[in-house]
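Since this is a predicted model, take the numbers as computed values, not measurements. When a residue number appears, it is its place in the shown sequence, counting from 1.
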Amino acid sequence: MINIKTPREIELMRVAGEIVGDTHKYLIPFLKPGITTKEIDSLARDYIIKRDATPSCYHYEGYPANICISINEEVVHGIASNRKLCDGDIVTLDICACYKGYHGDSAWSYPIGNISEEKKYLLEHTEKALFKGLEQVKSGARVGDIGYAVEKYATEHNLGVVKELVGHGVGNKLHEDPDVPNYGKKNTGPILKEGMVIAVEPMLNLGTADVYLLDDDWTVVTADNQPSAHFEHTVLITKDGYEILTKR
Ligand code: MF3
Ligand code: CO
């Protein structure tokens, strides 16, 4: 069942989304070679709490950190540790916050220092793929339209589309119906309606689309160890388009 949010719920989700977007903005100046992912995770937790929200990822199905931090070939769900960011890395911060029971969810990949041309290419086109997907979003469109647009753009740019992980509805649960895959067929899948809230989140790889799960049972990495990027916004569906709730 796909929830239609009430005006009050939408108001709370705007605040949750704003907190997530602001957490990204707050963290950007800290993303330099030498900082550990644990330090980033603590900064994120403290900031989210200061904004009267809680980090939704913490203890979500047992997840042991506050935000997901994934480096280079790590696709999603990297766990904060004493590892330091290095010049030339790309790092994805996937940040979820809960405000008065409602969630916001946004991932963004960032360059650390000087990165290779191919990593720049990956970042540029994964971000563009997110907006290609979002262009489809409006009342009356179907979930398959989003996946089709993302997959088409990614394929045209020779990037691998991760299929094992998908976007999702967002509300008083972090993951709600519908699933929003980054592949699909036009004119298929659930129909989007005004007042629904979804997270659109392409995860694209420089090499193969294949991924596997590390022994920590969380971190998903690319099968060929090539880098991966991830861009995600939580959006409210409107009559003729969408409103980004996780503005940055
Ligand atoms: N933003 C992530 C997602 O949509 C949240 C992961 S929850 C966690 O999959 F448990 F991995 F933290
Ligand atoms: Co998400």
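Note on V221: it does not cluster hydrophobically with V75, by side-chain heavy-atom contacts below 4.5 Å among ILVMFWY residues. At a threshold of 4.5 Å between side-chain heavy atoms, the hydrophobic network of Ile, Leu, Val, Met, Phe, Trp and Tyr places V220 and I71 in two separate groups. Both L27 and V91 are members of a single hydrophobic cluster when ILVMFWY side chains are connected at heavy-atom separations under 4.5 Å. In the hydrophobic cluster analysis, where Ile, Leu, Val, Met, Phe, Trp and Tyr join through side-chain heavy atoms closer than 4.5 angstrom, V235 is grouped together with V20. Following chains of ILVMFWY side-chain contacts shorter than 4.5 Å, one cannot reach Y63 starting from V211, and the two form parts of different hydrophobic clusters.
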For K5 and E176, run salt bridge (charged side-chain N to carboxylate O under 4.0 Å, His left out): C-alpha distance rounded to whole Å, both residues' side-chain angles, the deciding distance at 0.1 Å, then the answer. CA-CA 12 Å; K5 271 68 186 180; E176 295 187 349; 3.0 Å; yes
Evaluate the side-chain hydrogen bond (donor to acceptor under 3.5 Å, both in side chains) criterion for residues T92 and S109: first the C-alpha distance (whole Å), next the side-chain angles of each, then the deciding distance (0.1 Å), finally the verdict. CA-CA 4 Å; T92 300; S109 299; 2.7 Å; yes
Do K25 and D22 pass the salt bridge (charged side-chain N to carboxylate O under 4.0 Å, His left out) test, and can you show the C-alpha distance, the side-chain angles, and the key distance before you say yes or no? CA-CA 5 Å; K25 285 195 279 184; D22 287 350; 3.6 Å; yes
Just do the salt bridge (charged side-chain N to carboxylate O under 4.0 Å, His left out) check on K152 and E156 with the steps written out, would you? CA-CA 6 Å; K152 179 166 182 286; E156 283 168 0; 3.0 Å; yes
Quick one: do E124 and K120 satisfy salt bridge (charged side-chain N to carboxylate O under 4.0 Å, His left out)? Show the steps, please. CA-CA 6 Å; E124 177 187 339; K120 280 184 200 161; over 6 Å; no
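Note: L123 CG to E118 CD = 11.5 Å, rounded to the nearest 0.5 Å. Taken from OH in Y102 to CG in L174, the straight-line distance is 14.0 Å, to the nearest 0.5 Å. From D145, atom CG reaches atom CD of E135 across 12.0 Å, with rounding to the nearest 0.5 Å. The CG atom of L245 sits 13.5 Å away from atom NE2 of H103, with the distance rounded to the nearest 0.5 Å. Rounded to the nearest 0.5 angstrom, R248 CZ and T23 OG1 are separated by 10.5 Å. Interatomic distance, CG of L206 versus OG of S228, reported as 9.5 Å (0.5 Å rounding).
Here the side chain of Y26 pairs no donor or acceptor atom with the backbone of F30 at under 3.5 angstrom. Under a 3.5 Å cut-off, the side chain of S81 and the backbone N or O of R83 do form a donor-acceptor pair. Listed for the N114 side chain is no donor-acceptor partner under 3.5 Å among the backbone atoms of G88. Side-chain atoms of D89 come within 3.5 Å of backbone atoms of C86 as a donor-acceptor pair (strictly under, hydrogens ignored). Without hydrogens or angle criteria, D224 side chain to T208 main chain gives a donor-acceptor distance under 3.5 Å. Between the side chain of Q226 and the backbone N or O of T222, no donor-acceptor pair lies under 3.5 Å. Listed for the T36 side chain is no donor-acceptor partner under 3.5 Å among the backbone atoms of K84. Checking side-chain atoms of D216 against main-chain N and O of W218 turns up a donor-acceptor pair under 3.5 Å. Side-chain atoms of N72 come within 3.5 Å of backbone N or O of I90 as a donor-acceptor pair. Looking only at distances, a side-chain donor or acceptor of S106 sits under 3.5 Å from a matching main-chain atom of E232.
Under the 4.5 Å side-chain criterion, counting only non-hydrogen atoms from C-beta, T6 is in contact with E9. Side-chain contact between C98 and I48 is absent, with no heavy-atom pair separated by less than 4.5 Å.
Within 6.0 Å of atom NZ in K163, more than 12 heavy atoms from other residues, nucleotides or ligands are found, so the atom counts as buried in its surroundings. Counted within 6.0 Å of OH on Y58, heavy atoms from surrounding residues, nucleotides or ligands total 12 or fewer; the atom is thus considered open. Taking a 6.0 Å sphere around NZ of K132, one finds it holds 12 or fewer heavy atoms contributed by other residues, nucleotides or ligands.
In this structure, H157 has its ring center under 6.0 Å from that of Y153.
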Counting only pairs under 3.5 Å, give me each side-chain donor-acceptor contact of residues 183-195, with atom names and distances, residues two or more places apart or in other chains.
unit_1	atom_1	unit_2	atom_2	d
T188	OG1	K185	O	2.6

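The two residues M203 and V166 make their nearest non-hydrogen contact at CE-N, 4.3 Å. For I79 against A65, the heavy-atom pair with the smallest separation is CG2-CB, 4.4 Å. Minimum heavy-atom separation, I112 to L31: CD1-O, 3.7 Å. The shortest non-hydrogen separation linking L165 to H77 is CD2-CE1, 4.3 Å. Between G78 and T219 the shortest heavy-atom distance is CA-OG1, 3.9 Å. Looking at every heavy atom in both residues, D240 comes nearest to K138 through C-CB, 3.7 Å.
When each of D105, T234, D179 is tested with H168 by the rule side chain to side chain donor-acceptor pair (under 3.5 Å), just one qualifies, namely D105. Only one option out of L43, D94, I40 pairs with I67 in a side chain to side chain contact (heavy atoms under 4.5 Å, CB included); it is I40. The side chain to side chain contact (heavy atoms under 4.5 Å, CB included) test with D41 singles out one residue from I69, D46, L93, and that residue is I69.
Ring planes of Y110 and H24: tilted class, angle from 30 to 60°. Between H233 and W108, the ring planes lie tilted relative to each other; the angle falls in the 30° to 60° range.
Ion pairing between a basic and an acidic side chain is recognised when a charged N comes within 4.0 Å of a carboxylate O; E11 and R8 show no such pairing.
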